[in-house]
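Notes follow once the structure below has been shown.
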Amino acid sequence: NDRFALGADLVLEDDWTRGIDGFEGIFDGNGHTVTYEGASAPIFETLKGTAKNINIAGNGSMSGGIANILDGGSIEACTIKSGTVLNGGDIVGGIVGTILNNGSNGNKISECRIESGVTISGGSYVGGIAGSDLLNVASDENTEEVILPTEDYKELSNAAQVSGGYCVGGIVGASGVGSEPGEGKTTPDKAGFIDCSNTGRILAAVKAGADLIISGAGLPIRLPELTA
């Protein structure tokens, strides 16, 4: 895969209206800061590769601080710095807006944190880390069992104020099975969240996340390893 690295801090202004789409390489921020100054898109539109070691600051109108969509990619060791303001419509997250989860594409987010003093706001499906991670239910033709997701989320923390209308969570706005599986199929609990925590204030007009961590959509989910 192609590798790219930031050699200095970067400012994205109001003429940055669409992020890099379909990126499949490795992007290393080297601890530098990308500052949004009225940008209406994050660094990536759809991320299929790896983004790591990036700090985010400033203010912008977008679905995610790093990427709008994560599709089989990985986001590692990224920080949204205090004072950052991110706002958008439906599906907004501090790190990523929508995690495309088909049960096999193996998205990973690890060691990312949203600092105190950050403000994240939107309509429905708003989370400190991600807006939406709904499993698009697939089934095996022979067993008719739901294929379990392969997502992996580790060591994520949110201290931002997160606000929205419906399905708002400290880590993820909406996660779980997005539609009812057919009769006789096995329904999985949402798995893969390890050592995640929220200390930020969660404001929701309708439905806030259980334990202020994650708001379920579809079927009930069990998240014993999450702490608020």
[atom1] of [X] to [atom2] of [Y]: how many Å apart, nearest 0.5 Å?
X: Met62; Y: Phe44; atom1: CE; atom2: CZ; value: 13.0 Å
X: Ile56; Y: Thr35; atom1: CD1; atom2: OG1; value: 8.0 Å
X: Ile80; Y: Ile66; atom1: CD1; atom2: CD1; value: 5.0 Å
X: Asp71; Y: Glu24; atom1: CG; atom2: CD; value: 9.0 Å
X: Asp90; Y: Ser132; atom1: CG; atom2: OG; value: 10.5 Å
X: Arg113; Y: Cys196; atom1: CZ; atom2: SG; value: 15.0 Å

Aromatic centroids of Phe4 and Phe27 separated by under 6.0 Å: no

Check: [Y] and [X] side chains under 4.5 Å, non-hydrogen atoms:
X: Tyr36; Y: Asn59; answer: no
X: Asn68; Y: Thr46; answer: no
X: Ile109; Y: Ile99; answer: yes
X: Thr199; Y: Asn158; answer: no
X: Ser124; Y: Cys167; answer: no
X: Ile69; Y: Glu45; answer: yes

Co-membership, hydrophobic cluster, residues Val11 and Ile43, 4.5 Å side-chain: no

ILVMFWY cluster, Val96 and Ile26 together (side-chain gap under 4.5 Å): no

If the test is side-chain contact (heavy atoms from CB on, under 4.5 Å), which one of [options] qualifies with [X]?
X: Ser121; options: Val85, Leu86, Val168, Asn87; result: Asn87
X: Asn55; options: Thr79, Val34, Asp9; result: Thr79
X: Leu156; options: Ile194, Ile129, Asn198; result: Ile129

Determine the minimum heavy-atom distance between [X] and [Y], stating which atoms define it.
X: Thr33; Y: Ala57; answer: CG2-CB, 3.9 Å
X: Ala160; Y: Ile114; answer: CB-CG2, 3.5 Å
X: Cys112; Y: Ala77; answer: SG-N, 3.9 Å
X: Cys78; Y: Ala51; answer: SG-O, 4.2 Å
X: Val92; Y: Gly122; answer: CG2-CA, 4.2 Å

Working for side chain to side chain contact (heavy atoms under 4.5 Å, CB included), residues Thr98 and Leu70: CA-CA 6 Å; Thr98 300; Leu70 183 64; over 6 Å; no

Heavy-atom donor-acceptor pair, Trp16 side chain to Ser40 backbone, under 3.5 Å: no

Main-chain N/O of Ser116 paired with Ser82 side-chain donor or acceptor, under 3.5 Å: yes

Distance-only side-chain donor-acceptor flag, Asn53 / Asp28, under 3.5 Å: yes

Tyr153 and Asp133: side chain donor to acceptor below 3.5 Å: yes

Pair listing, salt bridge (Lys or Arg N to Asp or Glu O under 4.0 Å) test, anchored in residues 74-87, at least two apart: Lys81-Glu115

Audit row: Leu203, Gln161, side chain to side chain contact (heavy atoms under 4.5 Å, CB included) steps and yes/no: CA-CA 8 Å; Leu203 304 173; Gln161 175 175 294; 3.8 Å; yes

